[in-house]
Amino acid sequence: MASYNQGCLILVGILVTLSLPYSQAFWRNENKIQTAVFLSPKFVLGPGSVENRFYYNVDFPKGHIAVKSFDAEVIDEAWNPIPLHETYLHHWVVVRYYVRKGVEISEFDDPRKFNESDYISGRNSGICQNLGQFFGLGSETRKTSTHVPNPYGIEAGNPAEIPSGFEEQWMLNVHAIDTRGAEDKLGCTECRCDLYNITVDEYGRPLRPDYKGGLLCCYDHTQCKVKHGFEAVRRALYLRYIVTWVDMDRSVLPVKIYIFDITDSWKRSRSSTGIIAEHECKVEYDIESCDATGMGDDGCIDTRRISLDMPFGGYLIYGVAHQHSGGTGSALYRE
């Protein structure tokens, strides 16, 4: 990895597996692919500023469908794609949930205020308890294929899965950092606390002394240090997301989504079952500087490995990794 001091790297593998026999599947041409383009609510960024908001009840295809792909990128009001060296897309995630019919949830509601009896999580199938998204990537999202091959699809809107008296909705979280004029662009994207002048988290809780950078220092409306005298206009931006899907029928074989995290502290033992409750995914970790490791300029590479057990078998249909600046690659192997 890169030789920066105490930076952070997030590595999340998003895997789609299925638990039904392949022989049950076939694809019919008459199940036509549909495509829709949606925009997130507008967010406005100036040099060094941060957007990290949670938008509830965002636009999403209706009905009982099978999603074939979900692509996203940041654009301006003229629909021009914004380059990463100007606005760093730290991450975006899309989460399913169920809300009681008649209960209004606005785009910007704080989930901590929800009445638990009116809100039910519709998280993925595992294995990290704190990573419940269905879709999501980060700076690598542009030109990264998310296509799920035939005859498979990610099922949504299944009436049999929606609790009685509830409706299915979707939440979008967008975390973007404007690096125009930044004194240290890499440091801003790494969320180094000193560049953000942050000593407490977004809830006012003091950070531990050894926390040098990470998500706790670049929350919504924080400001990264910019060069003295630099000026640039604040601009309105959107996350444009494109969804392709087919109507769900017996020609589509539904798949399940699992997320693995390189920071998972799960350990294999005779009593372990691999179920969600046994996993603790920390999402981010520090990488020691090359000087601290004594490697200097001699191939300073930090490598992490983890071995996990799935609670049941199936086919691996699609996989993708999410890394931040400094990451050089990721691989998934069967034992």
Side-chain angles (χ1 to χ4, degrees), residues 14-40 54-72 92-107 111 114 117-126 131-137 145-173 239-259 276 312 314-320:
I14 303 177
L15 306 173
V16 182
T17 67
L18 81 150
S19 56
L20 297 175
Y22 182 85
S23 61
Q24 293 184 10
F26 61 94
W27 185 261
R28 290 201 301 265
N29 291 331
E30 59 265 28
N31 199 342
K32 296 180 180 179
I33 292 180
Q34 303 178 66
T35 301
V37 180
F38 302 107
L39 295 181
S40 73
F54 297 80
Y55 304 109
Y56 286 83
N57 195 19
V58 296
D59 292 328
F60 195 85
K62 302 296 184 182
H64 190 190
I65 64 171
V67 176
K68 299 294 294 178
S69 65
F70 196 116
D71 302 308
W92 62 270
V93 298
V94 177
V95 177
R96 182 181 65 178
Y97 64 93
Y98 305 109
V99 63
R100 189 179 301 278
K101 293 179 180 179
V103 173
E104 295 293 332
I105 295 182
S106 69
E107 290 176 347
F114 296 163
S117 64
D118 296 329
Y119 177 90
I120 300 174
S121 171
R123 58 161 299 123
N124 58 48
S125 298
L131 298 172
Q133 63 263 34
F134 263 55
F135 312 98
L137 279 171
S145 173
T146 60
H147 177 69
V148 179
N150 297 339
Y152 309 102
I154 301 170
E155 188 175 23
N158 184 352
E161 295 181 352
I162 300 175
S164 178
F166 285 73
E167 59 181 319
E168 181 182 86
Q169 293 183 0
W170 297 83
M171 182 276 287
L172 169 66
N173 169 222
L239 186 79
R240 174 174 61 193
Y241 55 104
I242 303 172
V243 185
T244 63
W245 75 94
V246 296
D247 291 333
M248 194 70 191
D249 63 25
R250 60 187 299 268
S251 69
V252 182
L253 195 56
V255 295
K256 296 183 182 296
I257 295 176
Y258 293 89
I259 296 184
I276 295 177
F312 49 80
Y315 295 93
L316 174 62
I317 306 304
Y318 170 87
V320 66

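All of these numbers come straight from a predicted model, not from anything done at the bench. The first residue of the sequence shown is numbered 1, and numbering continues consecutively from there.
Partners of Asp71 by side-chain hydrogen bond (donor to acceptor under 3.5 Å, both in side chains), not counting sequence neighbours, listed by chain and number: Thr146. With sequence neighbours left out, the salt bridge (Lys or Arg N to Asp or Glu O under 4.0 Å) criterion links Glu167 to no other residue.
The structure places CD1 of Ile120 at 7.5 Å from CZ of Arg100, a figure rounded to the nearest 0.5 Å. Taking CZ of Arg240 as the start and CG of Leu39 as the end, the distance is 8.0 Å to the nearest 0.5 Å. Remark: Arg96 CZ to Ile162 CD1 distance equals 8.0 Å, nearest 0.5 Å. Atom CG of residue Leu253 and atom OH of residue Tyr152 lie 6.0 Å apart, to the nearest 0.5 angstrom.
The two residues Glu155 and Phe134 make their nearest non-hydrogen contact at O-CE2, 4.2 Å. The two atoms that bring Ala66 and Met248 nearest to each other are CB-SD, 3.6 Å, heavy atoms only. Scanning both residues, Tyr318 and Ser145, for their nearest heavy atoms gives OH-O, 2.6 Å.
One N or O on the side chain of Asn124 and one on the backbone of Gln133 form a donor-acceptor pair closer than 3.5 Å.
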Can you list the steps and then say if Asp247 with Gln34 is a side-chain contact (heavy atoms from CB on, under 4.5 Å)? CA-CA 9 Å; Asp247 291 333; Gln34 303 178 66; 3.4 Å; yes

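With a 4.5 Å cut-off on side-chain heavy atoms, Asn158 and Glu168 do not count as touching. Side-chain atoms of Val67 and Val243, non-hydrogen and from C-beta on, do get closer than 4.5 Å to each other. Residues Tyr56 and Gln169 have side chains not in contact (no heavy-atom distance under 4.5 Å, counting atoms from C-beta outward). Within the 4.5 Å cutoff, side-chain heavy atoms of Ile317 are placed close to those of Pro149. Here the side chains of Val58 and Phe38 are not in contact, with every heavy-atom distance at 4.5 Å or above.
Checking each of Tyr241, Trp170, Trp245, Tyr55 against Phe60 for a ring pair (Phe, Tyr, Trp, His ring centres under 6.0 Å) leaves exactly one that passes, namely Trp170. For the side chain to side chain contact (heavy atoms under 4.5 Å, CB included) with Phe54, the qualifying choice from Asn173, Val95, Leu172 is Asn173, the only one to do so.
Between Phe70 and Trp92, the ring planes are parallel. Angles under 30° get that label, and only those over 60° would be called perpendicular.
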